[in-house]
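Working notes for the structure below.
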Amino acid sequence: MSDYELMKLAESAREKSYSPYSGYSVGAALLCRDGCVYTGCNIECSTFSPTNCAERTAIFKAVSEGKRDFEKIAVCGGRHNEQSRECTPCGVCRQVMCEFCTPDFKILLGTSDDIRTYTLAELLPFSFSKEEL
Ligand code: THU
């Protein structure tokens, strides 16, 4: 699947965002090496801390379906009613990516018209991983 197609799926997933408190909606689309795609959106809660980011929604959906081999993820986000712009994964999501993905895992940010590609190693250098334990 192309980067463009994966970002398009992230943009569709963003429409499902439940984010009444921040007013900031995020979508993600995760491509597994077997070709399956899992999408996610951010899901907020009135008590705030249970809020789940779009990236973790997608990754946890995939892992809970038995998938652990991931190729790339597309992420888009922005304030409600604004065109999606670059939304970089939060630290918690980067650490969850580190749990399941290799350093060359591709992270696509921006919009389907303007995709910027990073690796997990670039976004989470000097990471603490399970190899340390
Ligand atoms: N959010 C994500 O879903 N992913 C990110 O990478 C950054 C932030 C969500 C969490 C919260 O619902 C809203 O964006 C504002 O922080």
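Counting from 1, the numbers follow the sequence of the chain as shown. Numbering of ligands and ligand atoms starts at 1, following listing order. Quick caveat: nothing in here was measured; it's all calculated off a predicted structure.
- Using a 4.5 Å heavy-atom cutoff, the side chains of Phe100 and Val63 are in contact.
- Counting atoms of ligand 1 from 1 in the listed order, those under 4.0 Å from a heavy atom of Thr88 are 6 (O).
- Protein heavy atoms come within 4.0 Å of atom 1 (N) of ligand 1.
- Closest to atom 8 (C) of ligand 1, if we only count protein heavy atoms, is Cys53 SG, 4.1 Å.
- The shortest N or O to N or O distance between Cys90 and ligand 1 is below 3.5 Å.
- Checked by distance only, ligand 1 and Asn42 come closer than 3.5 Å through their nitrogen or oxygen atoms.
- Partner of Glu44 under the side chain to side chain donor-acceptor pair (under 3.5 Å) criterion, chosen from Ser25, Ser17, Ser22: Ser22.
- Looking at Leu9, Leu108, Leu6 one by one, the single match for side-chain contact (heavy atoms from CB on, under 4.5 Å) with Leu31 turns out to be Leu6.
- Counting only N and O atoms by type, the side chains of Thr119 and Asp104 include no donor and acceptor under 3.5 Å apart.
- In this structure, the protein non-hydrogen atom closest to atom 5 (C) of ligand 1 is Glu55 OE2, 3.4 Å.
- Set against the non-hydrogen atoms of Pro89, the atoms of ligand 1 under 4.0 Å away are 6 (O).
- A donor-acceptor contact shorter than 3.5 Å links the side chain of Asn42 to the backbone of Tyr24.
- The nearest protein atom to atom 11 (C) of ligand 1, hydrogens excluded, is given as Glu44 OE2, 3.2 Å; this is a heavy-atom distance.
- Checking Cys41, Cys87, Cys76 one by one against Arg14, the side-chain contact (heavy atoms from CB on, under 4.5 Å) holds for a single residue, Cys76.
- Taking only nitrogen or oxygen atoms, main chain and side chain alike, Ala54 reaches within less than 3.5 Å of ligand 1.
- Between Arg116 and Asp114 there is a salt bridge, with a side-chain nitrogen of the basic residue lying less than 4.0 Å from a carboxylate oxygen of the acidic one.
- Atoms of ligand 1 lying under 4.0 Å from any heavy atom of Ser22, numbered from 1 in the order shown and given with element: 13 (C), 15 (C).
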